[in-house]
Protein chains: 2
Amino acid sequence: MDGVAVQRETVALPGPCSRIPVENADIVRQILDRVGDKWTLMVIATLRGGVMRYTDLLRAIPGISQRMLSRTLAQLHHDGLITRTAYAEVPPRVEYALAPLGDSLNDIVVSLIDWAITHHDEIRQHRARFDTAGEH
Amino acid sequence: MDGVAVQRETVALPGPCSRIPVENADIVRQILDRVGDKWTLMVIATLRGGVMRYTDLLRAIPGISQRMLSRTLAQLHHDGLITRTAYAEVPPRVEYALAPLGDSLNDIVVSLIDWAITHHDEIRQHRARFDTAGEH
DNA sequence: CCGCATCCGGCGTGATACTG
DNA sequence: CAGTATCACGCCGGATGCGG
């Protein structure tokens, strides 16, 4: 029902793309489904500190459950963003680290963390003002 | 199996934090709870195109439901990331646009989109290889 | 007519307990 | 220590309805 001619050539890789073509929106959505959920970015951000073990991550990321950590790590490993090294020892030891692909997200994650820390007060204030204002 | 552990030291990167202190982890998590869910970044990314109406966003973001769009928009407005302008007309018209706070996310969003477009093939290949390899 | 709140069904999520 | 199995809850999505 759209009937619009789609510009297929608009890839716009060099520099900031000014607009998202409809077909890229789908790609972006798929990726954001992976890296854009709450825990994935937290795990990647935490792994910036270096090689980490399962329980280290569990402690380093407040609020995450074992289930979601396992799931997230498996998915990140599955997508090639992190490496998983299991040592057949007793006690068992599994180390996780950023793979090159995950490392390429590093700058973005840092920026996002930066943004979060910089603006979270502003957001809180905005939200508070909103609450007091429109409490009807 | 893999068996190769990646040597990775704590590299200082541009920005205040090269590592995430535990206390900041909580802040980051809170922000990522807001901004890191599937739809929020998609909405922000889509709004980069300029002022948009509700149904425009609905069409521009494939897969989103009316419910989630309303919710996401309300939250973004609530947090001060976007502006909402309702015109008391017939037919009614509601326009959404990025507020300065949301606009400050622009660069990050663009980077993320760029990353998504650049690496989604790589991720797919990794995933496919993983599937064929360890189908156990 | 558009925007969006509400109601219900399904699934993902989270806490606990258990296994290797 | 690392991860899975189980179950109950809550959130997501689709349809409906109403207000402006």
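Under a 3.5 Å cut-off, the side chain of A:T72 and the backbone N or O of A:L69 do not form any donor-acceptor pair. One N or O on the side chain of B:S65 and one on the backbone of B:M68 form a donor-acceptor pair closer than 3.5 Å.
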Under 4.0 Å protein heavy-atom contact, by nucleotide of nucleotides 7-16 of chain D - B base, S sugar-phosphate only: -----SBB--
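Across all strands, B:Y87 comes closer than 4.0 Å to no nucleic acid atom at all (heavy-atom distances). If you check every strand for non-hydrogen atoms under 4.0 Å, B:T55 touches sugar and phosphate atoms only.
Between A:D56 atom CG and D:dA2 atom P there is a gap of 7 Å when expressed in whole angstrom units. The CZ atom of B:R53 sits 13 Å away from the P atom of C:dC1 (whole-angstrom rounding). Rounding to whole angstrom units, CG of residue A:L58 and P of C:dG14 are separated by 12 Å. In this structure, the OH atom of B:Y96 is 15 Å from the P atom of C:dC2, given to the nearest Å. Between A:L73 atom CG and D:dG3 atom P the separation is 7 Å, expressed in whole Å. Across the protein-nucleic acid pair, A:Y54 atom OH and C:dG20 atom C1' stand 14 Å apart, rounded to whole Å. Going from atom CG of A:L57 over to atom P of D:dC1 covers 14 Å, rounded to whole Å. Counting to the nearest Å, the P atom of D:dA2 and the CD1 atom of A:I82 are 14 Å from each other.
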Trace of the side-chain hydrogen bond (donor to acceptor under 3.5 Å, both in side chains) decision for B:Q66 with B:R71: CA-CA 8 Å; B:Q66 294 183 3; B:R71 199 180 275 265; over 6 Å; no
side-chain hydrogen bond (donor to acceptor under 3.5 Å, both in side chains) between B:Q75 and B:H78, worked out: CA-CA 5 Å; B:Q75 191 167 60; B:H78 188 235; over 6 Å; no
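Aromatic pair A:H77/A:Y96: ring centres not closer than 6.0 Å.
A distance of 10.0 Å separates CG in A:L47 from CG in A:D56, rounded to the nearest 0.5 Å.
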